[in-house]
Amino acid sequence: GLSLGADEVIAGVPLTLYIDVANCSDTNLSARLAIEQKGRQAVVEEVTLQPNEQRKVIHTITFDAPGPTFVRVGAADGRLDVDTRCSLSVDVRRPIVWLVAGKGEGFSESKVGEGEFLRQVFRPQGKESKIIQLEDMELRLLFQAIPDTVDAIIMAGVALGAPLGQPIVDFVRGGGGLIVAMSPDVTPAAYQESLGPLLPAELDQPWRDAVDPEVFLSVRAMSGKGISTLFDEFTTERNGSLADIRVYNYMRVRNPDE
């Protein structure tokens with residue numbers, strides 16, 4: 001059997017392919033697994049199984065272009081006259097993301113605004129991003145019905161003064177993504193009034209008044225027995241290491257115990 005370590009498959013983003021293999025004989029078995037993708041040369045993973053052993057073989061895979069495609073795995077040079085191949089159909093996407101940033105924020109040698117930082121990350125050197133389609137939008141558009149073609153909205157330090165209303169609530173509850181990038185300019189009371197139905201907790205003041213590049217927190221995944229988290233795919237260095245993440249500031253919540 002085959003499965004992927006993500007619900008959303010994004011073009012250009014590596015993810016984990018899990019291959020379920022089993023040795024149904026009573027002797028040791030060495031096998032070569034041929035992993036095929038459309039338009040790519042097959043990659044071979046070698047595995048040795050003990051008698052009657054079942055195991056998940058882990059392989060990192062990347063899909064280059066959006067659209068429907070497949071991945072197929074089979075035993076290379078198989079000795080049995082049977083079809084050992086298993087296929088998985090995949091819908092590869094290039095998400096459309098709206099960026100709503102504070103007006104007039106830019107960047108200088110000493111400061112980069114949240115919106116400009118994200119533009120540089122997703123459009124390196126002014127080129128179009130291959131991973132997402134980032135579109136700059138004005139705040140007023142969040143008061144109107146949001147098209148079904150939009151996958152996520154990033155609010156990057158934008159000034160809020162009134163409730164955003166039902167359109168953004170309908171968008172999120174209908175499966176759309178909302179990322180609220182905090183900023184020193186964010187007023188917690190204004191964000192609570194504007195985004196109240198969508199925030200998981202009431203915001204308090206930032207952890208620190210100013211950022212020191214030498215002071216930061218690290219991230220580690222905390223998952224209970226049998227419970228998966230968003231960070232599980234990054235607990236090893238196969239897909240990136242959580243230890244590389246640095247948190248320089250964050251917004252506290254009023255009642256953390258709740």
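Hydrophobic clustering keeps Leu88 apart from Phe70 (ILVMFWY residues linked when any side-chain heavy atoms are closer than 4.5 Å, directly or through intermediates). Under the 4.5 Å side-chain contact rule for hydrophobic residues, Tyr248 and Ile245 do not share a cluster. Note on Val253 and Leu178: separate hydrophobic clusters, where clusters join Ile, Leu, Val, Met, Phe, Trp and Tyr whose side-chain heavy atoms are under 4.5 Å apart, directly or indirectly. The hydrophobic clustering, which links ILVMFWY residues whose side-chain heavy atoms are closer than 4.5 Å, places Val211 and Phe216 together. No path of Ile, Leu, Val, Met, Phe, Trp and Tyr side chains, each step under 4.5 Å between heavy atoms, connects Val21 with Val43, placing them in separate hydrophobic clusters.
The minimum heavy-atom distance between Leu142 and Pro167, with the atom names listed, is O-CB, 3.8 Å. Shown here for Met251 and Asp204, the closest heavy-atom pair between the two residues is CE-O, 3.1 Å. The two atoms that bring Gly1 and Cys86 nearest to each other are CA-SG, 4.0 Å, heavy atoms only. Residues Gln192 and Glu202 approach most closely at OE1-C, 3.1 Å, considering heavy atoms.
Two residues are said to be in side-chain contact when any heavy atoms from C-beta on lie closer than 4.5 Å; Ser30 and Glu46 fail this criterion. At a threshold of 4.5 Å between non-hydrogen side-chain atoms, the residues Val71 and His59 do not count as touching. Two residues are said to be in side-chain contact when any heavy atoms from C-beta on lie closer than 4.5 Å; Leu160 and Leu139 meet this criterion. At a threshold of 4.5 Å between non-hydrogen side-chain atoms, the residues Tyr250 and Leu217 count as touching. Between Val9 and Asp91 there is no side-chain heavy-atom pair separated by less than 4.5 Å. Contact check for Glu8 versus Pro95: no side-chain heavy atoms found under the 4.5 Å cut-off. Two residues are said to be in side-chain contact when any heavy atoms from C-beta on lie closer than 4.5 Å; Val90 and Pro68 fail this criterion.
A distance of 4.5 Å separates CG in Leu29 from CG in Asn23, rounded to the nearest 0.5 Å. With rounding to the nearest 0.5 angstrom, the CD1 atom of Ile153 is 12.0 Å from the CD1 atom of Ile96.
Applying the 6.0 Å contact sphere to CD of Glu135 captures more than 12 heavy atoms from other residues, nucleotides or ligands. Shown here is Asp212, whose CG atom has more than 12 heavy atoms of other residues, nucleotides or ligands within 6.0 Å. Heavy atoms from other residues, nucleotides or ligands lying under 6.0 Å from CG of Asp136 number more than 12. Annotation: Arg40, atom CZ; neighbour count of heavy atoms from other residues, nucleotides and ligands within 6.0 Å is above 12.
Listed for the Asn255 side chain is no donor-acceptor partner under 3.5 Å among the backbone atoms of Asp257. A donor-acceptor pair is defined here as one N or O able to donate and one able to accept, closer than 3.5 Å; such a pair exists between the side chain of Gln37 and the backbone of Thr62. Between the side chain of Thr187 and the backbone N or O of Ala189, no donor-acceptor pair lies under 3.5 Å. Panel note: side chain Arg55, backbone Thr48; a donor-acceptor pair is recorded below 3.5 Å. A donor-acceptor pair under 3.5 Å is absent between the side-chain atoms of Asp170 and the main chain of Gly174, judged by distance alone.
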Please evaluate residues Ile35 and Ile19 with respect to the criterion side-chain contact (heavy atoms from CB on, under 4.5 Å), reporting the C-alpha separation (whole Å), side-chain torsions for both, the decisive distance (0.1 Å), and the verdict.
CA-CA 10 Å; Ile35 303 167; Ile19 308 168; 3.9 Å; yes

Give the C-alpha distance, both sets of side-chain angles, the deciding distance and a yes or no for side-chain contact (heavy atoms from CB on, under 4.5 Å) between Thr60 and Leu15.
CA-CA 6 Å; Thr60 299; Leu15 70 159; over 6 Å; no

Take Tyr18 and Ile58, measure what side-chain contact (heavy atoms from CB on, under 4.5 Å) needs, and give me the verdict at the end.
CA-CA 5 Å; Tyr18 295 97; Ile58 298 175; 3.9 Å; yes

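Lys56 pairs by the salt bridge (charged side-chain N to carboxylate O under 4.0 Å, His left out) definition with Asp20, not counting sequence neighbours. For Glu138, the salt bridge (charged side-chain N to carboxylate O under 4.0 Å, His left out) test picks out Arg140, with sequence neighbours left out.
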